[in-house]
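Step one of this worksheet: look at the structure below.
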Amino acid sequence: MNAQFKKGVLELVVMVVVDEADIYGYELVKTVCEIIQVNEGTIYPLLKRMTLEKYFETYLRESTEGPPRKYYRITSLGKEEMIKLKKEWLDFSKSINTFLEKGENHE
Amino acid sequence: MNKNEFLNQLRKKLSVLSQDEIEELISEYSEHIEHKMSEGKSEEEAVNDFGDLGELSRSILQAYKLNDHYTNKPKFSELIEKSSLTGRKFLKTFEEYYSKISLSEVFKFLILIILSFGCVALLKFPFMLFRSISLWFLEIIFGYNFISYFNGIWTFVVNAMYYLCSILLMISVVHFGQQRYMHITHQSQNLSKKLDVKVDEVKEDVVSEEIIDKVKKEVIYKEKKTGGFKSFITNLVNLFYFMIIWSLRLLILAILFPVLIGLVIGLFMWGMLVFLVLSKVPLVGVMFTSGMGLVFGGCILFIIFAFTFGIKLKSWKYSRIFIILLITLILGGFGTIWSLHELSQFEWINQEEENIVQEYQLNDFEKISLVNTWAQLEIDNSLEEGVIVCIIPKMNDQLNISNDYKNLLIANSDYSEVNEINQIRRNLTKLFDALKERKLILSYDDYSNRIVIRVNEKDFDALQKRLIYN
């Protein structure tokens, strides 16, 4: 898939995943990579940025195996942003789809 | 690369961050790799999944809104890369900057400068007038003695004022040109530069349209804000530009008006030429050349008009006009050669053939026998000294003698007889030259178109014999 497409929706996907349930880094990367094929390296910086922008907050939780894990939780600000992005994406994809279908009908 | 190497290198690259931050990030990445390894991937594979280390560290730092240039001391190779990049960037902006200034704008600017030189020259007159009038007044008030001292100083002051005004005018013209043609490009460039900087910060992630819009608005707002702080002086200077531009326009109009009339007259003449060509006078080359000249002049006039009043034309229109100008220039060059060839076929009536003329003396009347069909002799009894003879050309309206009797012009409406007329003209010229040589010509009577000569009886007999009885 086009790398530019991926970049555009990656933030939204990450937000939706975190919104579903609090999640720690590795699991989140795995989940996201199942949805969009992206380089794992790009997700951590994105998480970092969104945390710094106060869309996410982090907390540590003990795990049964190994050291405590860093969990990500969406903030109310992040939720707002997610809803906005979601709406934008839906509108955008809808209009693009309509346009493409129209093009197909013409052919 | 194994896990420890990877983490160490990452730590180095992130060294600009605080220790806590680094540790937090490193533990996260290390945890990730461990997870992967526990799922059965090799250490190498797990590390490689992160992709390029440089890119990773860069995007992490960008998340902190940091530029990765700060992170490491630049290595020599990086320095070269960076400097070449800067060079390229500079070249690119340079290119963009100049590609935005179109040919027409440069042309406009040049015309403006040339015109301002003209204005500077014209500006001299009011100053000269002012100087002399003021000196005159001062002389009336303070008397001549004072003026003789004051004259030099006053001239210097007025001249200084003139030069100051000229310099101001030139500066304002140049400034106006810059403002008008470069300000816009400059502004847009600034905008895009600022945008680039801001966008860079969020580029690696989702570049949402909204953010760009926001930044754009912000930048535009800032531009407006700085624009709003125009001082009183700037406004004054602007007013000055405005006045100068309008006076320039009026000046151009005043200059163009006679040119326009000339163009109309040219068109009329061209119509006459067409008529001549249609009535089988071979002047096709001349007609062609003059037609080209008219098109050329019209184009130039149009361009100057458009520039003067800032009529915005699309660039293709300009390019077309320039092509037309070029074509007319080339064709006009050919046409000129053609017309020269055509015109060389004609024998011009006022050509001088001094060498031949000098051979003739008054006694050689036998050689000018043709004259008798064109002129007659008349004795004027009103004058007493000697015998006064008048030579009267028979075809008054077709023979014209200039005041110094040197040139004879014979006009003839019938084109085909040019050669015959030339023969007569030559003969008459010889006769008059001979008369002049002997200082026999007294005067030329403009009204009745006759030449008054004084001859002795012997010469008169000879003249009469040749002119009348031959």
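Convention: sequence-line order gives letters A, B, ...; per-chain numbering from 1.
Interface remark: B/E34 contributes no atoms to any contact with chain A (heavy atom separation under 4.5 Å). Using a 4.5 Å cut-off between heavy atoms, B/L53 does not touch chain A at all.
Ring planes of B/H32 and A/Y26: perpendicular class, angle over 60° (limits at 30 and 60°).
With contacts defined as side-chain heavy-atom distances shorter than 4.5 Å, the pair B/H35/A/R69 qualifies.
Remark: A/I43 CD1 to B/L56 CG distance equals 11.5 Å, nearest 0.5 Å.
No side-chain N or O of A/Y24 forms a donor-acceptor pair with one of B/E28 less than 3.5 Å apart.
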*Evaluate the criterion side chain to side chain contact (heavy atoms under 4.5 Å, CB included) for residue pair B/E39 and A/K30; output intermediate values, then yes/no.*
CA-CA 12 Å; B/E39 278 176 5; A/K30 235 169 75 181; 3.0 Å; yes
*Are B/E24 and A/K70 close enough, and set up right, to give a side chain to side chain contact (heavy atoms under 4.5 Å, CB included), and what steps lead you there?*
CA-CA 9 Å; B/E24 201 189 320; A/K70 192 168 151 191; 2.3 Å; yes
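Atom OH of A/Y59 has more than 12 neighbouring heavy atoms from other residues, nucleotides or ligands inside a 6.0 Å radius.
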